[in-house]
Amino acid sequence: MLPTTHNFMHQLIEQTVQVGDVTVDGTTANGINTRFLATRVGQSGRVLSYTATKDNANAAAASLFMSGLSERVTLLGKTIDRQFTIELGHQTQARIAIFDYSSTAQNEQDRPTDYLDQIDRVLPRLTHGGLLIVQFSQTPSDWEDFRHTLLAADYKQAAYLTETTQAYLIERI
């Protein structure tokens with residue numbers, strides 16, 4: 001039986017993220033990815049969680065509080081912008097960053113027009129061996145163009161496609 005894209009991504013996160021790591025959820029919607037990242041980074045790690053709407057921020061905050069994971073997450077009520085380096089820390093790199101525009105995250109209609117700029121800010125701040133995970137219910141054409149601009153010497157790429165969700169992985173090498 002093939003795993004769902006959601007389960008496959010969480011398996012990758014489980015194998016990659018270690019206690020003490022810094023991770024980024026660039027598209028917190030229903031908070032599933034943020035909560036999962038928070039369980040993986042442990043008490044000494046940190047999750048930067050970006051939410052575009054107040055409703056999403058409130059729902060994620062309540063979920064994190066009920067799970068006892070609030071102290072591991074910095075919940076920012078905005079999208080990633082030029083302040084990202086300051087929010088992450090000038091000398092800090094992230095192990096994993098997730099941008100989830102899929103129905104699983106209930107975020108498929110919330111992809112901003114500048115999503116590629118946000119991803120472009122995050123990619124160089126990944127650790128070597130760090131992963132960027134981007135999921136779509138329907139892959140936009142500009143995503144394919146963007147992927148083809150990445151240098152093979154700097155990034156490895158893979159995709160996991162199911163009937164409902166496409167997941168793209170970019171590893172910084």
Spacing of OG1 belonging to T79 relative to CZ belonging to F84, to within rounding of 0.5 Å: 12.0 Å
Any side-chain donor near an acceptor of the partner, D25 and N33, under 3.5 Å: no
Heavy-atom pair of closest approach, residues T23 and A94: CA-CB, 4.5 Å
Minimum-distance pair of heavy atoms, taken over all atoms of Q93 and L126: NE2-O, 3.2 Å
Heavy-atom neighbours of Q11 CD exceed 12 at 6.0 Å: yes
Side-chain donor-acceptor contact under 3.5 Å, D114 with Q118: yes
Qualifying side chain to side chain donor-acceptor pair (under 3.5 Å) pairs, either residue in residues 58-74, two or more places apart: R35-S63
Derivation and outcome, side chain to side chain contact (heavy atoms under 4.5 Å, CB included), residues T5 and T164: CA-CA 9 Å; T5 307; T164 58; 5.6 Å; no
Test log, rule side chain to side chain contact (heavy atoms under 4.5 Å, CB included), inputs V122 and I119: CA-CA 5 Å; V122 172; I119 289 170; 5.8 Å; no
Distance, nearest 0.5 Å, that separates CG of L37 from OG1 of T28: 8.5 Å
R172 side chain vs T127 backbone, donor-acceptor pair below 3.5 Å: no
Check against side chain to side chain contact (heavy atoms under 4.5 Å, CB included), H128 and I173: CA-CA 5 Å; H128 290 283; I173 52 176; 5.9 Å; no
Approximate separation, where rounding is to 0.5 Å, of H10 NE2 and T4 OG1: 9.0 Å
Nearest heavy atoms of S137 and S102, plus distance in Å: OG-CA, 3.4 Å
Mutual orientation of the aromatic rings belonging to Y168 and W143 [parallel < 30°, tilted 30-60°, perpendicular > 60°]: tilted
Single-linkage hydrophobic cluster I32~F65, side-chain heavy atoms < 4.5 angstrom: no
Derivation of the side chain to side chain contact (heavy atoms under 4.5 Å, CB included) call for L69 and T39: CA-CA 7 Å; L69 299 169; T39 66; 3.8 Å; yes
Nearest-0.5 Å distance, CE of residue M66 to CG of residue L64: 11.5 Å
Within residues 148-160 or reaching into it, pairs that qualify as side chain to side chain donor-acceptor pair (under 3.5 Å) - sequence neighbours excluded: R147-Q157
Whether over 12 other heavy atoms sit under 6.0 Å from E163 CD: no
Exam field: side chain R46 to backbone L88, donor-acceptor pair closer than 3.5 Å: yes
Donor-acceptor pair between T34 and S49 side chains, under 3.5 angstrom: yes
Separation between CZ of R125 and CG of L48, rounded to the nearest 0.5 Å: 10.5 Å
Donor-acceptor pairs under 3.5 Å, side chain of residues 13-22 to any protein atom, not counting sequence neighbours: which ones?
from, atom 1, to, atom 2, distance (Å)
T16, OG1, L12, O, 2.8
D21, OD2, Q18, N, 2.7
D21, OD2, R95, NE, 3.1

Approximate separation, where rounding is to 0.5 Å, of I133 CD1 and I170 CD1: 10.5 Å
Donor-acceptor pair between Q135 and T165 side chains, under 3.5 angstrom: no
Electrostatic pair E87-K78, nearest N-O below 4.0 angstrom: yes
Y50 and V24, any side-chain heavy atoms less than 4.5 Å apart: yes
Residue that, paired with Y115, satisfies side chain to side chain contact (heavy atoms under 4.5 Å, CB included) out of T27, D142, I80: D142
